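Numbers restart at 1 for each chain; the letters A, B, ... are given by sequence-line order, proteins then strands. What you are looking at is a predicted structure, and each value in this text was computed from that prediction instead of being measured. Below, all heavy atoms of this structure are taken into account, side chains as well, without hydrogens, waters or symmetry copies.
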There are 2 protein chains.
Amino acid sequence: MLDSTNWFSEIAPEDGSAFSLRIKTRLHAEQTPFQHIEIFATDGFGNLMVIDGCTMLSSRDNFLYHEMMSHPALFTHPEPKRVCIIGGGDCGTLREVLKHPGVEQAVQIDIDERVTRLSERYFPELTASNADPRAELLFEDGVRWIQRAEPGSLDLIIVDSTDPVGPAVGLFTSDFYADCRRALGADGLLVQQSESPLYHVRILTEMSAAMRHAGFREIRSLFFPQPIYPSGWWSATLAGTDLDPSRFRFEDARAKGFETQYYNAEIHQAALAQPEFLRRALG
Amino acid sequence: MLDSTNWFSEIAPEDGSAFSLRIKTRLHAEQTPFQHIEIFATDGFGNLMVIDGCTMLSSRDNFLYHEMMSHPALFTHPEPKRVCIIGGGDCGTLREVLKHPGVEQAVQIDIDERVTRLSERYFPELTASNADPRAELLFEDGVRWIQRAEPGSLDLIIVDSTDPVGPAVGLFTSDFYADCRRALGADGLLVQQSESPLYHVRILTEMSAAMRHAGFREIRSLFFPQPIYPSGWWSATLAGTDLDPSRFRFEDARAKGFETQYYNAEIHQAALAQPEFLRRALG
């Protein structure tokens, strides 16, 4: 029914589901030292980046993920100036971070420079802020970079990684979270993409336990639609020492002064609502 | 890549996407006087009902849709006693409605009795409340039933229909909405499934205009994940004369006294948050 010459399909084998996009053509494919990257032109979703067979982003719907990985954390920290993005080589999260005028430096550390170079070519809207003097792009191992980071030198760490298999597996461990915690200041926040609330409750549970084990006292997951990811429903998890809802700078988010497509102050609050089955599972 | 002997796929042709479930076997198929119905046993989603090639519900994720089609409206009306469901032949919405002890009568009018008979067999958990003395199941044309309903005789009308093509097209017109309005009491509410916020903004816009034209002063769409529907993101639209957020009976929802899997008071509020691009599109 779905012919692989016309469709790109990502199968979620354990859940027996698949999401497919009809393709016009494959624009690029390469094996880097770290992973296999493909770029497709699709009929309805613009360009599509696929890494190791998994959809990473499309032109049409990446705004959901990138806005929700950045703005909720940035409007929760009282005064985020020093931001670090681990992974995120497509630069979409970096672009959102740089929309905040209070951010003084934003360093992005992706192990694979080819993700960024291909993004510059096929998703130029996402890399449009890369020349911002506050931005620094490094291509090395984020786990080691965080180990070497000066204690208390960061306000926000955004872990914008692939799934917890392959090169990203080290980004889901309590050792890594402990290094993050040391690198963060007193009000520091960590945010990590945390998979599907429907398919990956076990990953969510284990990630929360690892964050707690690393000394983060409070952990909150937030939820948003992401059509091209398995189940079409995704999450990000915030970790800090105090995530009381009163810390959300609601009025600042209301008066944000930059454009978004999904995020606003009400969507921020809404994303924090816990579905009943997850409230029971996550406690 | 996805072989039709192993997978059921629903294609969204205009958006060039498809969602697929791996199937164990096709349990049933029939052409009724109204539509073509199939039931599949899937690997990861339990049983699946498909009507005219479109996924209707799965055992695994129907809770999202059924809870969001019922509880937000029931906890917004001050005292819902008389409820009518147009469509909804699988009885999942009826089951949720009957969880509210204040509901005195719930009539379900689906044009196709076979949907209910197949649901009794393949989704028995959804039809478990059908013997409730407050429930009445009719199999006739819901548009005509509403035309004949006594003015002011209903508190809540839930339009739990298929997409606005085929037998359901009459359920998306301002004539139908005007008949609904006449059948509703002063505080009466209408709620209608209203498709994907990402794929179907035009349907959402036209439906809102038709509801307004029929005399509903206030219209609010609410949003929720629904993995098996196109884009994995869905909406329901509430219409009434006063939908001020203060009308939401938050404390009653908090103390609801029955189990849900997705819905709770916070999820109710969250579902009403309008994504930025829809705020601009819907005004």
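- Contact count against chain A (heavy-atom pairs under 4.5 Å) is highest for B/A273 among B/P197, B/A12, B/A273.
- The contact list for residues 61-74 of chain B toward chain A, using heavy atoms and a distance under 4.5 Å, reads B/F63, B/L64 by residue number.
- With a 4.5 Å cut-off on side-chain heavy atoms, A/P227 and B/L198 count as touching.
- By the 6.0 Å contact criterion, CZ on A/R280 is enclosed, its count of non-hydrogen atoms from other residues, nucleotides or ligands being greater than 12.
- For the set A/P275, A/A18, A/G232, A/P13, the entry with the most heavy-atom pairs within less than 4.5 Å of chain B is A/A18.
- Salt bridge annotation for B/R60-A/D15: present, with a cationic side-chain nitrogen under 4.0 angstrom from a carboxylate oxygen.
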For this session: Apply side-chain contact (heavy atoms from CB on, under 4.5 Å) to the pair A/Y262 and B/L278, showing each step before the final yes or no.
Result: CA-CA 8 Å; A/Y262 181 66; B/L278 283 170; over 6 Å; no
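- Within residues 92-100 of chain B, no residue has any heavy atom under 4.5 Å from a heavy atom of chain A.
- Scanning residues 263-271 of chain A against chain B with a 4.5 Å non-hydrogen threshold yields A/Y263, A/N264, A/E266, A/I267, A/A270, sorted by number.
- Among the candidates B/E259, B/Q226, B/R279, B/E14, the residue making the largest number of heavy-atom pairs closer than 4.5 Å to chain A is B/R279.
- In this structure, the portion of B/Q274 lying under 4.5 Å from any heavy atom of chain A is its backbone and not its side chain.
- Scanning residues 41-48 of chain B against chain A with a 4.5 Å heavy-atom cutoff picks out B/G44, B/F45, ordered by number.
- Note that CH2 of A/W7 is 6.5 Å distant from OG of B/S17, once rounded to the nearest 0.5 Å.
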